[in-house]
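Take a look at the structure below.
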Amino acid sequence: KQEVTQIPAALSVPEGENLVLNCSFTDSAIYNLQWFRQDPGKGLTSLLLIQSSQREQTSGRLNASLDKSSGRSTLYIAASQPGDSATYLCAWISSNTGKLIFGQGTTLQVKP
Amino acid sequence: GAVVSQHPSRVICKSGTSVKIECRSLDFQATTMFWYRQFPKQSLMLMATSNEGSKATYEQGVEKDKFLINHASLTLSTLTVTSAHPEDSSFYICSAPPTSGSSYEQYFGPGTRLTVT
């Protein structure tokens, strides 16, 4: 059974810091990986999708990498801002079924 | 990007009643849609896979008779919570990958917050 783990569960940093969120998974079957942002009481905002043939994706201050050999993905946020405060979820996507298995999320607080 | 809508966004109902939640893909067709549930301060858990024109596939531990799913067209899936109880209060979110394309990128609806009193 696929398990997705995110570390840390919570993170508080001062504005301007660079930070790394970690995601690991147990099943190495063919998959894609997607990072999301969720604001309190809201739905999901897709940040980055890494397909199985890719190693990383970048969007603005965000960079997500994927290491298939170790079953890990990281989300790097550069020059963090208070507006980045949210819960970040990674999801493993089965290439066969399209099902997503989510991690528990990392709740980020960026202090001004 | 593709848009998925959900209706209603928020619903309060009395215990014992049934509630229907709609999930629509607005600008693409989706033969498959997924329903997730999120309890407070927890992550999203997949409930079921909704397949257009056929029966839904439920995850282990999800009662199919309680959570009725109907995927009547390529753009609409409905989730009906039957005989709702307070423990069914949760945030329900649907997602859909476009039928065309192979990226399996998921597009999520904005969610429906159900409160059962």
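Numbers restart at 1 for each chain; the letters A, B, ... are given by sequence-line order, proteins then strands.
In terms of hydrophobic clustering, with Ile, Leu, Val, Met, Phe, Trp and Tyr side chains grouped at heavy-atom distances under 4.5 Å, Ile50(A) and Trp92(A) are assigned to a common cluster. Hydrophobic cluster membership differs between Tyr76(A) and Val13(A), with clusters built from Ile, Leu, Val, Met, Phe, Trp and Tyr side chains linked at under 4.5 angstrom.
There is no contact between Gln6(A) and chain B, counting heavy-atom distances below 4.5 Å.
By the neighbour-count criterion of 12 heavy atoms within 6.0 Å, atom CZ of Arg72(A) is sparsely surrounded, having that number or fewer from other residues, nucleotides or ligands. The 12-atom threshold is exceeded at NE2 of His85(B), counting heavy atoms of other residues, nucleotides or ligands nearer than 6.0 Å. Atom CD of Glu3(A) is surrounded by 12 or fewer heavy atoms from other residues, nucleotides or ligands within 6.0 Å.
Looking only at distances, a side-chain donor or acceptor of Ser43(B) sits under 3.5 Å from a matching main-chain atom of Gly103(A). Gln106(B) contributes no side-chain N or O that, together with a main-chain N or O of Ser46(A), makes up a donor-acceptor pair within less than 3.5 Å.
Within residues 46-64 of chain B, the residues having any heavy atom less than 4.5 Å from a heavy atom of chain A are, in residue-number order, Leu46(B), Thr49(B), Glu59(B).
Put simply, CZ on Phe36(A) and CZ on Phe108(B) are 4.5 Å apart, with the number rounded to the nearest 0.5 Å.
Looking at heavy atoms from C-beta onward, Leu44(A) lies in side-chain contact with Leu44(B) at the 4.5 angstrom threshold. Within the 4.5 Å cutoff, no side-chain heavy atoms of Lys42(A) are placed close to those of Phe91(B).
Considering every non-hydrogen atom in both Tyr36(B) and Lys99(A), the closest pair reads OH-C, 4.4 Å.
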